[in-house]
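The figures here come from the full heavy-atom set of this structure, side chains too, leaving out hydrogens, waters and symmetry mates. For ligands, and for the atoms within them, numbers begin at 1 and follow the listed sequence.
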Amino acid sequence: MIRFEETLYPHWSQTFRVQKVLYHERSELQDLAIFDSAIFGRILALDGVIQTTEADEYHYHEMIVHVPLLSHGDVRAVCVVGGGDGGALREVLKHPGVHATLVEIDAAVIEISRRYLPTISVGSFDDPRVTIVIADGVRYMASSGSMFDVIIIDSTDPQGPGEVLFHESFYASCRNRLKPGGILVTQNGVPFLQPDEVYRTYCQLRPHFSDVWFFTAAVPTYVGGLMAMGWGSLEPAHRSRAPELLRTRAAQVALETRYYTPNLHVASFALPRYIERLLL
Ligand code: SAM
């Protein structure tokens, strides 16, 4: 029997019984694996770390996309940095009239996700509203002239090629690429196990955004409790949208979700004390 043991933490791990290995190769940048599992369906792992699973991906992708887009309310241009599985892109495209730019460093992730995880991207890579850029997000943000209403950092953890996406200079470049009232959202790990990541991002975002906070989502395969997503906004009112307004906005785009709700959106900014203490 083959088992996949995640290597994210040195002293503790989750393990999957592998039903079938569909792909396992090294790209120039990282080790890529796709395998079938019983409870979570098909799973994508990069450098031994779970990125997404067919069964629970919507918890993460719906929250990292709809919380900023519906808080903002008038989004035309979105940039997703990372996100090579196409799940965040799929959720962005539920908002009509939005153009999405995907900046992914590793073309191989897109290729294997397109091939083995079609239920996650559901055709979004080929949507005419999408521009795909194969580039390092740091270089792209520093050199591109494009401006966005929302930037979503759908990154790996701060190791390997994703490490550069957890630096203050990168957040400063993102801020420069945001239109007035824009929002930056970041993948910030699981605070119970990665508390430094939240604290560091908080300190690095604060000099550049008028409103900095975190919101949370429970994603079963991001083990260790709630996962945190960083929030840097140029308009503090975005964080206190009433559920009624969010409901109206969701209805206007006929939004269908399996995890996200307007009530959960509002509640996701209420942090447990152990996370709040990292910030205050
Ligand atoms: N939802 C996932 C999670 O939290 O584990 C992240 C999924 S997505 C597959 C992460 C993507 O970020 C990967 O495809 C990886 O290649 C990409 N990535 C890593 N470093 C990057 C960089 N510097 N610039 C752009 N994309 C990057």
Side-chain angles (χ1 to χ4, degrees), residues 6-9 14 23 25-34 40 42-65 79-92 101-117 120-121 124-125 131-144 151-167 169-171 173-174 177 185-191 193-194 197-198 201 216-224 226-230 259:
E6 188 176 41
T7 56
L8 184 55
Y9 304 108
Q14 62 175 332
Y23 185 91
E25 298 277 344
R26 254 206 88 77
S27 70
E28 275 172 31
L29 293 161
Q30 53 201 346
D31 178 275
L32 297 94
I34 297 198
F40 291 97
R42 211 157 266 190
I43 297 182
L44 168 69
L46 297 177
D47 284 340
V49 178
I50 303 301
Q51 299 297 307
T52 199
T53 87
E54 279 182 331
D56 69 354
E57 56 84 14
Y58 63 94
H59 294 222
Y60 171 83
H61 290 129
E62 290 182 7
M63 289 300 276
I64 204 164
V65 169
C79 183
V80 177
V81 176
D85 51 62
L89 212 48
R90 177 198 73 215
E91 293 302 319
V92 170
T101 303
L102 181 80
V103 183
E104 164 61 59
I105 199 169
D106 194 344
V109 179
I110 297 179
E111 277 161 37
I112 61 166
S113 298
R114 203 196 270 277
R115 181 158 175 208
Y116 296 106
L117 298 167
I120 294 185
S121 54
S124 4
F125 297 125
T131 302
I132 298 178
V133 180
I134 302 299
D136 174 16
V138 171
R139 287 188 182 201
Y140 177 83
M141 283 301 165
S143 61
S144 155
I151 298 174
I152 297 168
I153 313 302
D154 182 8
S155 65
T156 44
D157 284 278
Q159 54 193 38
E163 198 276 329
V164 293
L165 303 176
F166 290 78
H167 287 266
S169 54
F170 173 59
Y171 300 138
S173 304
C174 289
R177 303 264 62 79
V185 166
T186 62
Q187 184 284 104
N188 253 110
V190 173
L193 294 164
Q194 300 160 306
E197 207 176 298
V198 169
T201 300
T216 62
V219 185
T221 49
Y222 300 158
V223 289
L226 293 167
M227 82 159 297
M229 302 188 203
Y259 184 93

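No heavy atom of Val138 sits closer than 4.0 Å to any atom of ligand 1. Every heavy atom of Thr52 sits 4.0 Å or more from the atoms of ligand 1. The closest approach between Glu163 and ligand 1 stays at or above 4.0 Å for every heavy atom of the residue. Residue contacts with ligand 1: Asp157 is excluded, as none of its non-hydrogen atoms falls under 4.0 Å.
Once rounded to the nearest 0.5 Å, the distance linking CE of Met141 with SG of Cys174 reads 4.5 Å. The OG1 atom of Thr201 sits 10.5 Å away from atom NE2 of His167, with the distance rounded to the nearest 0.5 Å. One distance of note links CD of Glu57 with CD1 of Ile43; it measures 12.5 Å at 0.5 Å rounding. Distance check, rounded to the nearest 0.5 Å: CE of Met227 to CE of Met63 gives 10.5 Å.
Residues Phe40 and Thr221 form a side-chain contact, since some pair of their non-hydrogen atoms from C-beta on lies under 4.5 Å apart. Residues Thr186 and Phe170 form no side-chain contact, since every pair of their non-hydrogen atoms from C-beta on lies 4.5 Å or further apart. Using a 4.5 Å cut-off on side-chain heavy atoms (C-beta onward), Cys79 and Val103 make contact. Proximity of Leu117 to Leu44: side-chain heavy atoms (C-beta onward) are separated by under 4.5 Å at one or more points.
Although no hydrogens or angles enter the test, the distance criterion places a donor-acceptor pair under 3.5 Å between the side chain of Ser27 and the main chain of Gln30. Counting only distance, with no hydrogens or angles, the side chain of Glu6 and the backbone of Gln14 share no donor-acceptor pair below 3.5 Å.
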- Query: Run the side chain to side chain contact (heavy atoms under 4.5 Å, CB included) check on Val81 and Ile152 step by step: do they pass?
  - Reply: CA-CA 6 Å; Val81 176; Ile152 297 168; over 6 Å; no
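By the criterion of a heavy-atom distance under 4.0 Å, both the backbone and the side chain of Thr156 are placed next to ligand 1. Both the backbone and the side chain of Pro161 come within contact range of ligand 1, each with a heavy atom under 4.0 Å. Residue contacts with ligand 1 for Ala135 involve N, CA, C or O but no side-chain atom from C-beta outward (heavy atoms, distance under 4.0 Å).
In terms of heavy-atom proximity, Gln187 sits nearest to Ser155 at NE2-O, 3.0 Å.
In this structure, Tyr222 and Tyr60 have perpendicular ring planes: the angle between them is above 60°, well past the 30° mark.
Ligand 1 places these atoms under 4.0 Å from at least one heavy atom of Gln187: 4 (O). For ligand 1, the atoms sitting less than 4.0 Å from at least one non-hydrogen atom of Gln30 are 15 (C), 16 (O), numbered in the order shown with element in parentheses. Short contacts between ligand 1 and Val103, defined as distances under 4.0 Å to a heavy atom of the residue, involve ligand atoms 25 (C), 26 (N). Near Ile50, meaning under 4.0 Å from any of its heavy atoms, are these atoms of ligand 1: 5 (O). Of all atoms in ligand 1, listed by their number and element, those nearer than 4.0 Å to a heavy atom of Val164 are 23 (N). Of all atoms in ligand 1, listed by their number and element, those nearer than 4.0 Å to a heavy atom of Asp85 are 7 (C), 8 (S), 9 (C). Residue Leu46 approaches ligand 1 through these ligand atoms, each under 4.0 Å from one of its heavy atoms: 13 (C), 14 (O). Under a 4.0 Å criterion applied to the non-hydrogen atoms of Gly162, ligand 1 contributes the atoms 19 (C), 20 (N).
At least one N/O-N/O distance between Asp154 and ligand 1 falls below 3.5 Å.
Heavy-atom contacts from other residues, nucleotides or ligands closer than 6.0 Å to CZ of Arg139 number 12 or fewer.
Protein heavy atom in closest approach to atom 23 (N) of ligand 1: Asp136 OD1, 2.8 Å. What sits closest to atom 5 (O) of ligand 1 on the protein, heavy atoms only, is Gln51 OE1, 3.3 Å. Closest protein heavy atom to atom 15 (C) of ligand 1: Glu104 OE2, 3.3 Å. The closest protein non-hydrogen atom to atom 24 (N) of ligand 1 is Gly137 N, 2.9 Å. When hydrogens are left out, the protein atom nearest atom 12 (O) of ligand 1 is Gly82 CA, 3.4 Å; that is the closest non-hydrogen contact.
Comparing Leu102, Leu32, Ile105, Asp47 by heavy-atom distance to atom 18 (N) of ligand 1, the nearest is Ile105. In the candidate list Phe170, Tyr222, Tyr60, Phe166, Tyr222 is nearest to atom 3 (C) of ligand 1, counting heavy atoms.
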